[in-house]
Amino acid sequence: MSIVKINALTVPAEQREVLERRFASRAGAVEASDGFEWFELLRPVEGTDQYLVYTRWRSEEDFQAWMDGPMKAAHQGGEGGGERPKPAASGSSVWSFEVVQQAAPKKA
């Protein structure tokens, strides 16, 4: 089964719009990657300042290939380099999971 990576980003209130705008502008950046299955950016509703970036991959190898290639290039400024903007998040931690069970809605 698939693997899930969740990046928990600590985002101060004044940086929320910046973070969401940056993710919106990257739309399509991961979707064509081999082994990519799903992405969600989860905004906190109450009680926390952590956004969750949820991605699901076919395998750990597919995730690592994306990390070592397209993701690394994007976070280094991509082709041509250039100055990187200040991070919107003040902290980050990545959680890893294996999918052991899953369910989908039943079709009517």
Is there a path of hydrophobic side-chain contacts, each under 4.5 Å between heavy atoms of I/L/V/M/F/W/Y residues, joining [Y] to [X]?
| X | Y | value |
| --- | --- | --- |
| Phe23 | Tyr54 | no |
| Trp38 | Val4 | yes |
| Leu41 | Trp66 | yes |
| Met67 | Val53 | yes |

What's the spacing between [X] [atom1] and [Y] [atom2] if we round to 0.5 Å?
| X | Y | atom1 | atom2 | value |
| --- | --- | --- | --- | --- |
| Met1 | Gln101 | CE | CD | 8.0 Å |
| Arg26 | Glu31 | CZ | CD | 5.0 Å |
| Phe97 | Ile6 | CZ | CD1 | 5.0 Å |
| Glu61 | Ile3 | CD | CD1 | 8.0 Å |

Pairwise side-chain contact, [X] with [Y], heavy-atom cut-off 4.5 Å (strictly under):
| X | Y | answer |
| --- | --- | --- |
| Phe36 | Asp62 | no |
| Arg58 | Glu37 | yes |
| Glu40 | Leu52 | no |
| Val30 | Thr55 | no |

Inset, instruction - May I ask you to decide if the ring planes of Trp57 and Phe63 are parallel, tilted or perpendicular, using 30° and 60° as cut-offs? - result: perpendicular
Inset, instruction - Check whether more than 12 heavy atoms from other residues, nucleotides or ligands sit under 6.0 Å from atom CD of Glu17, and answer yes or no. - result: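 Open.
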Legend entry - CZ (Arg43) with more than 12 external heavy atoms under 6.0 Å: no
Inset, instruction - If a pair satisfies side chain to side chain donor-acceptor pair (under 3.5 Å) and one of its residues is in residues 87-97, list it, with sequence neighbours excluded. - result: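 Sorted pair list: Lys5-Ser96, Asn7-Ser92, Ser93-Trp95.
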Legend entry - Pairing of Asp49 and Arg16 as salt bridge, 4.0 angstrom limit: no
Could you tell me which non-hydrogen atom of [X] sits nearest to which non-hydrogen atom of [Y], and how far apart they are?
| X | Y | answer |
| --- | --- | --- |
| Val11 | Ala88 | CG1-O, 3.9 Å |
| Ala8 | Gln50 | CB-NE2, 3.9 Å |
| Arg56 | Ser2 | CG-CB, 3.6 Å |

